[in-house]
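Numbers here simply count residues along the sequence, with the first being 1.
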Amino acid sequence: MDTFAIAIVSFAVQLSFAKMYSMKHKYPVDPNQELRALGCGNIFGGFFQCLPSSAFLGRVATQASVGGESQVKIVRILPVPMRITHMDIAFSRLLASLPPD
């Protein structure tokens, strides 16, 4: 029964943030669509041992304060950690080929 209460509070917080930012950026919000998206995301994530999703208060406020309007901007940033990881692997291979002291 506790999980049901947590789910209701999580949905209420997420919907309140969605409504607040929809008024600010002038776009419509459908509570049914929000509930379906939250439920589908959590059910799908449950198969892969993901943490339950909810509204991230700090991230939403930070992204809105710097002018972000959607998570599509994350797609442009995503290749940066991948490049760093690739460079780290290449550099470690280079160091491994050096003779030991």
Side-chain angles (χ1 to χ4, degrees):
M1 196 62 171
D2 291 338
T3 55
F4 184 72
I6 292 171
I8 295 298
V9 169
S10 172
F11 173 67
V13 169
Q14 184 167 349
L15 186 62
S16 67
F17 264 90
K19 286 186 176 185
M20 182 175 68
Y21 284 105
S22 72
M23 288 189 306
K24 182 178 180 180
H25 296 289
K26 296 177 180 46
Y27 59 84
V29 171
D30 181 16
N32 290 329
Q33 184 179 8
E34 293 286 328
L35 182 61
R36 276 186 248 127
L38 185 62
C40 288
N42 284 331
I43 288 171
F44 184 74
F47 290 111
F48 299 99
Q49 298 180 353
C50 296
L51 294 174
S53 65
S54 182
F56 297 103
L57 313 177
R59 187 184 310 173
V60 171
T62 303
Q63 186 173 3
S65 69
V66 297
E69 295 181 10
S70 71
Q71 293 183 354
V72 175
K73 294 184 179 191
I74 293 174
V75 174
R76 291 190 294 167
I77 298 171
L78 187 61
V80 173
M82 294 168 65
R83 286 186 204 139
I84 292 172
T85 304
H86 179 71
M87 288 182 351
D88 185 40
I89 292 170
F91 190 67
S92 64
R93 288 181 183 161
L94 179 67
L95 290 177
S97 66
L98 293 175
D101 278 342

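Every side chain to side chain contact (heavy atoms under 4.5 Å, CB included) that Phe4 has, sequence neighbours left out, goes to Ile8. Annotation: ring pair (Phe, Tyr, Trp, His ring centres under 6.0 Å) contacts of Phe48 (sequence neighbours excluded): Phe44. Listed by chain and residue number, Asp30, Arg36 satisfy the side chain to side chain contact (heavy atoms under 4.5 Å, CB included) test with Asn32 (two or more places apart in sequence, or in another chain). Leu15 is linked by a side chain to side chain contact (heavy atoms under 4.5 Å, CB included) to Phe11, Lys19, Val29, Pro31, Glu34, counting only residues two or more places apart in sequence or in another chain.
Linking Ile, Leu, Val, Met, Phe, Trp and Tyr whenever their side-chain heavy atoms come within less than 4.5 Å leaves Leu35 and Ile6 in two separate clusters. A chain of hydrophobic side-chain contacts below 4.5 Å, direct or via other Ile, Leu, Val, Met, Phe, Trp or Tyr residues, connects Leu38 to Tyr27.
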